[in-house]
Amino acid sequence: MTRRVRKIFFLLSAAALVWVFFLAYSPLAPFGYVQSKYGDMVNAITVPERHITDAVTAVNFDVRGFDTLGEEFILFTSVMGVLLLMRRQKDEPAGDHEDKAADRMIPPASDAVRVTSLLLIAPTVLFGLYIVTHGQVTPGGGFQGGVILSTAPLLLYLCADYRPFRRAVPQRLIEASEAFGAAAYILIGGACVALGGLFLQNSLPLGQSGSLTSGGMVPFINLGVGLEVSGGLSLALLVYLEELLEEKEQ
Amino acid sequence: MLPVFPVVLPLFAAALLAALTKLVSQRLSQGIAIAATLATLGIESYLLHASAEQPIVYWFGNWLPRHGIALGISFTVDPIGAGLGTFASVLTLAALVFSSKYFDAAGNHFHALLLAFLAAMCGFCLSGDMFNMFVFFELMSAAAFALCGYKTEDPGSLQGSLNFAVTNTIGAYFVLSGIGLLYARTGALNMAQMGRALGAGPLDSLVLIGFVFIVCGYLIKAAVVPFHFWLADAHAVAPTPICILFSGVMVEMGLFALARIYWDVFNHALHPHLAGLRTLFVTIGVVTAFIGAFMCYLQRNVKRLLAFSTISHIGLMTIGVGLFTPEGLAGAAVYTLGHGAVKAGLFLVAGILLHRFESVDEFDLYAKGRRQRWTAAVFFAGGIALCGLPFSGLAAGDDLVHAAAAATGFNWVRLISLFAGAVTSAAVLRAGGRIFFGWGPAGDQSSAPKHEEKPETERGHDHTPATMFVPAAALVAAGLLVGLTPNLKPAASTAAMQFENTNAYATRVLDAQPAPAPLPPRPAPTEIFSGLLTVLGAITIAAVHLFSDRARDISAAIAKPLQLLHQIHSGHVGDYVAFLTFGMACFGLLCAYCFR
Amino acid sequence: MSETILQAGILIFVAAGGTAVVFNREPLSQAMVVSFYGLLLGIMFFVFQAPDVGLSQIVVGAVALPLMILLVLARVKKQGRKSD
Amino acid sequence: MSYLPYAVAAWLFIVGLYGVISSRNLIHLVICVGVIQSSSYVLLLSIGYRAGRVAPIFADIPANTLAVDPIVQALMLTDIVVEVTVIALLLSLAVQIHKRHGTLNPDRLMKVSG
């Protein structure tokens with residue numbers, strides 16, 4: 001189809017699709033008045049039965065914890081996919097980063113940028129860790145904290161040159177810890193079985209509501225997820241960065 | 001505990017392989033992957049056996065339903081789901097064995113992704129929760145997109161993978177919007193609970209379009225017309241071991257989702273419109289079967305030819321599922337086994353050709369395979385089996401589907417399967433005749449443009465390793481012999497009856513009551529005559545095409561108007577998404593106004 | 001009442017933001033608009049009592065995604081320069 | 001206001017689809033896929049919202065306070081992860097396509113057809 005034909009064809013179809021959306025959404029209860037006993041029930045039980053004050057975390061890591069296992073592995077699989085797709089091919093030069101990096105085309109960062117990013121690294125890491133560990137108490141958790149943590153290596157890149165940066169970032173270790181974080185979810189689920197429950201059935205003491213140790217297995221899962229997400233996303237970002245800086249000069 | 005293993009075990013092995021990247025050798029990594037797949041296969045087949053009497057319900061985290069409201073996520077194991085999972089493990093095993101010599105450069109990531117793919121397919125088959133199914137669908141997609149683009153040095157491979165990824169991702173958002181709609185109506189995500197709530201409520205356009213969004217979102221994966229465009233692009237370019245998983249089982253997952261969602265969720269609500277639904281899905285199936293068959297016959301790239309033949313067969317399976325009777329579903333299930341095994345074997349033969357001669361083009365390979373007697377035997381056996389040779393797996397599936405069609409007034413469906421089977425099979429036989437015997441002329445103008453394919457292997461082109469030949473031969477043999485399994489058809493019918501007993505399913509899941517034992521199924525007759533007729537038709541078409549100049553002229557004249565079909569399959573992702581929009585709008589309006 | 005106005009306002013901003021993302025065909029400026037759109041979505045989640053989701057959306061939509069897009073754009077630009 | 005959120009969800013879906021079919025740049029196309037995804041956020045969010053209720057965080061409020069639906073919020077969290085990962089995959093495909101085809105314009109990639 002030519003561009004024009006495609007657009008006309010699409011606009012006609014889209015007009016019909018708008019009508020379909022109207023038919024679908026118009027019988028919905030007005031905004032703010034949809035009912036769900038499921039949601040109310042979960043809200044009612046998270047604090048008394050699970051000592052978790054953030055109901056969303058309770059749903060994510062306990063009541064519907066298995067969804068989140070799948071979700072973690074979506075991330076894990078995609079990162080593997082990115083590594084697979086971005087791998088160096090035979091017809092491209094392998095390794096030998098250092099010489100290529102020396103005459104890279106990106107201008108070096110100014111001192112102001114370096115100092116700022118150096119100063120930012122510690123607070124970023126701390127903030128990320130805070131978010132990871134407080135998931136069962138306040139908004140946040142392994143995923144949100146993990147994303148924040150994953151930006152730390154990039155800050156490191158901004159404050160160092162590429163060469164010391166590559167040396168400082170242990171990619172092998174990040175890969176291993178990402179995989180370990182993903183496996184931890186399964187290990188925790190399996191441990192529940194070993195303790196006599198069903199998969200992902202909490203058998204740890206629930207702790208004091210609102211404290212860091214509340215929620216039984218949830219904080220542990222959160223740590224694993226934090227490790228996995230921070231590792232996975234920083235790997236993806238590293239691969240993109242590498243692709244940018246080590247491209248073969250022709 | 002057991003229902004968890006088919007998902008958790010491959011995922012854990014995948015994480016292990018990723019953790020040990022570059023530390024373990026290729027061989028060890030392949031060994032771990034094969035061991036995990038074998039274990040999954042064992043557990044899945046045990047589940048298949050154990051769930052024959054009663055569906056097995058497993059609540060994660062022991063969050064049991066309270067007052068009929070499901071809190072947690074359940075796995076509901078029944079023979080159809082477990083059977084599909086078992087079949088997925090078998091094909092994964094074949095893909096792993098086949099790829100051992102195949103990718104000298106394949107890293108651990110390849111094995112890890114394959115395991116994640118397997119886990120996702122198993123989870124998709126076993127899950128009893130609408131959103132959990134979506135999660136596994138996305139996991140399956142993520143692994144599939146990456147595996148499809150594996151040959152990053154091949155420009156076509158990247159483009160096919162992109163088309164696949166974009167269309168399927170948009171489909172997933174339709175599914176998610178549909179889940180949102182149904183959650184707003186029912187306040188549930190568990191399928192049994194949703195089914196009960198929808199049965200009690202009114203059938204309005206929200207429910208109907210929720211059905212369309214979810215089902216059509218999954219049918220994009222199943223590649224029915226007009227959502228089929230991505231399939232040929234993705235299959236033609238994906239690495240051969242991945243093709244067998246795509247064609248053999250991933251595409252069928254979309255149809256499985258249609259059956260699962262109709263019977264568990266929408267049966268009560270949509271039951272008054274069953275006749276209309278039958279007509280709709282049988283029509284979709286017929287159109288898919290026809291377009292797939294035509295396009296298949298026009299191809300010269302063997303992998304693309306096989307891909308379009310998959311589309312045609314998917315059309316026939318859509319008819320089976322879309323008749324919404326136990327025999328129809330049982331037929332589609334048996335057909336999946338027969339077709340998946342045979343098609344996988346044929347794809348592996350294409351992989352062997354690519355390995356030996358660095359091409360999968362019918363004319364490039366002209367007469368090159370003269371000395372490949374055994375490979376030729378496998379290819380021709382697969383080609384004949386593909387049209388439903390009597391007593392093969394495909395024929396057993398056909399018998400059941402035809403019985404179901406006769407019972408619901410769609411007796412003419414057998415003509416469709418005769419036509420589609422003969423044409424797709426004739427295309428395979430024609431290609432085989434050219435490649436292995438040098439029959440017919442060495443060039444032809446009526447066919448599709450040529451597409452260069454990069455070789456997948458590095459060295460050793462002078463012989464075919466056993467790890468490549470044995471899986472191909474074994475799969476074709478399995479596809480032929482599965483039809484001879486005693487009790488296959490009655491067992492499938494019983495399983496389908498259990499699958500389609502919506503009330504029993506809901507009480508089993510939500511009230512933990514045992515389901516009643518299914519009634520003994522009606523026996524489906526074995527149709528030898530129509531099977532033989534199809535084989536005869538296929539051979540005739542192929543022979544006439546290869547040996548008669550005049551027939552070739554006529555077929556070229558017929559093919560002229562079909563050029564339009566070629567142009568529609570443009571490889572442009574924008575076109576595909578425009579067709580997707582069109583299809584979604586059509587189905588939405590059709591359902592909303594016909595089934596009110 | 002004021003809450004309703006706030007909610008309606010942010011929804012209209014989100015709709016406009018999405019439209020701006022689509023119709024902005026210059027990739028680099030699109031990356032900026034995407035980041036802004038991610039932020040808008042995050043604010044919308046906070047306004048609609050979903051702080052957990054809001055936090056994720058802000059870290060993903062306003063930080064991680066634009067970062068990826070910028071890296072990819074830089075990569076593509078670089079090759080473009082070389083081949084010219 | 002009662003139906004505005006649903007209308008916004010539908011609008012984002014359609015406008016995202018338009019972006020995909022009319023795109024001349026794969027990176028733009030991938031971002032438009034993200035816009036389609038944000039339609040599902042808006043839909044789920046509006047389904048989970050309850051007028052006059054608070055966020056489902058009981059850290060500083062009594063545990064029996066009426067709160068909005070936490071289930072859909074958990075679904076949205078999953079959805080966001082799916083978005084970022086799918087987009088990462090699509091972007092890496094786009095980079096490789098640019099490397100092999102030398103263009104990001106889908107009109108000029110016509111390798112697989114017919």
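Order of the sequence lines fixes the chain letters, A, B, ..., with proteins taken first and strands second; residue numbering starts at 1 for each chain. From a predicted model like this one, the values you see are computed outputs, not experimental measurements.
Between B:F136 and A:F66, the distance from one ring center to the other falls under 6.0 angstrom. Ring pair B:F582/A:F10: centre-to-centre distance not below 6.0 Å.
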Take B:D575 and A:F9 through the side-chain contact (heavy atoms from CB on, under 4.5 Å) test and state the conclusion after the steps.
-> CA-CA 9 Å; B:D575 287 356; A:F9 178 54; over 6 Å; no
Chi angles and distances behind the ring pair (Phe, Tyr, Trp, His ring centres under 6.0 Å) call for B:Y58, A:F199 | CA-CA 9 Å; B:Y58 188 92; A:F199 195 77; 7.7 Å; no
For side-chain contact (heavy atoms from CB on, under 4.5 Å), just list the numbers for A:W19 and B:L589, CA-CA rounded to whole Å, side-chain angles, deciding distance to a tenth of an Å, and then say yes or no.
-> CA-CA 8 Å; A:W19 187 244; B:L589 290 181; 3.4 Å; yes
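Remark: A:R87 qualifies as a cation-pi partner of B:Y150 under the 6.0 Å distance and 45° angle criteria applied to the six-membered ring.
The CG atom of A:L23 sits 10.0 Å away from atom CG of B:D204, with the distance rounded to the nearest 0.5 Å. For the atom pair CZ of A:F22 and OG of B:S205, the computed distance is 8.5 Å after rounding to the nearest 0.5 Å. Distance check, rounded to the nearest 0.5 Å: CD1 of B:I73 to OG1 of A:T68 gives 7.5 Å. To the nearest 0.5 Å, the span separating CG on B:N132 from CD on A:E71 amounts to 11.5 Å. To the nearest 0.5 Å, atoms OH (A:Y38) and OG1 (B:T186) are separated by 11.0 Å. Taken from CG in B:L139 to OG1 in A:T77, the straight-line distance is 4.5 Å, to the nearest 0.5 Å.
The two atoms that bring B:A184 and A:L28 nearest to each other are CB-CD2, 3.3 Å, heavy atoms only. Closest of all the heavy-atom pairs between A:M80 and B:A18 is SD-CB, 4.2 Å. Across every non-hydrogen atom of A:R6 and B:G574, the tightest pair is CD-C, 3.4 Å. In terms of heavy atoms, A:S78 sits closest to B:A142 at OG-CB, 3.7 Å. Contact detail for A:L84 and B:F110: the closest heavy-atom pair is CD1-N, 4.2 Å. Between A:L85 and B:G149, the closest heavy-atom pair is CD2-O, 3.3 Å.
Contact annotation for B:F117: neither backbone nor side-chain heavy atoms come within less than 4.5 Å of a heavy atom of chain A. Looking at A:V34, only its side chain comes within 4.5 Å of chain B, counting heavy atoms on both sides. Neither the backbone nor the side chain of B:V577 comes within contact range of chain A; no heavy atoms are under 4.5 Å apart. The part of B:S177 that comes within reach of chain A is its side chain, from C-beta onward, which places non-hydrogen atoms under 4.5 angstrom from that chain. Of the atoms belonging to A:F73, heavy atoms from both backbone and side chain fall under 4.5 Å from chain B. Interface residue B:R66: backbone and side-chain heavy atoms are both found under 4.5 Å from chain A. Of the atoms belonging to B:A116, it is side-chain heavy atoms, and not backbone ones, that fall under 4.5 Å from chain A. When heavy atoms are compared at a cutoff of 4.5 Å, B:F211 does not approach chain A at all. When heavy atoms are compared at a cutoff of 4.5 Å, B:A70 approaches chain A solely by way of its backbone atoms N, CA, C and O. Residue B:F137 does not touch chain A at all, counting heavy-atom pairs closer than 4.5 Å. When heavy atoms are compared at a cutoff of 4.5 Å, A:E72 does not approach chain B at all. Only the side chain of A:R172 has a heavy atom closer than 4.5 Å to any heavy atom of chain B. With a threshold of 4.5 angstrom between heavy atoms, A:L11 does not approach chain B through any atom at all. Only the side chain of A:F21 comes within contact range of chain B, with heavy atoms under 4.5 Å apart.
Considering only heavy-atom pairs separated by less than 4.5 Å from chain A, the leading option among B:W59, B:Y183, B:F145 is B:Y183. Heavy-atom pairs under 4.5 Å with chain B were tallied for A:D62, A:V42, A:V59; the largest tally goes to A:D62. Contact count against chain A (heavy-atom pairs under 4.5 Å) is highest for B:L11 among B:I69, B:V8, B:V135, B:L11. Here A:G81 is the residue among A:G181, A:G39, A:G81 with the most heavy-atom pairs under 4.5 Å with chain B. Residue with the most contacts toward chain A among B:L206, B:D129, B:L208: B:L206 (heavy-atom pairs, distance under 4.5 Å). Per-residue counts of heavy-atom pairs under 4.5 Å with chain A were compared for B:V212, B:L16, B:L189; the largest is that of B:L189. Ranked by heavy-atom pairs under 4.5 Å with chain A, the first of B:F131, B:F134, B:F587 is B:F131. Of the listed residues (A:I74, A:I45, A:L200), the one with the most heavy-atom contacts under 4.5 Å to chain B is A:I74. Counting heavy-atom pairs under 4.5 Å between each of A:A24, A:A183, A:A14 and chain B puts A:A24 at the top. No other option in A:L17, A:V5, A:L83 has as many heavy-atom pairs under 4.5 Å with chain B as A:L17. Contact tally against chain B (heavy-atom pairs below 4.5 Å) for A:R50, A:Q35, A:K7, A:M86: the top residue is A:R50.
The shortest side-chain heavy-atom distance between B:H67 and A:M41 falls under the 4.5 Å cut-off. Contact of the B:M584 side chain with the A:S13 side chain is not registered, since no non-hydrogen atoms from C-beta on lie closer than 4.5 Å.
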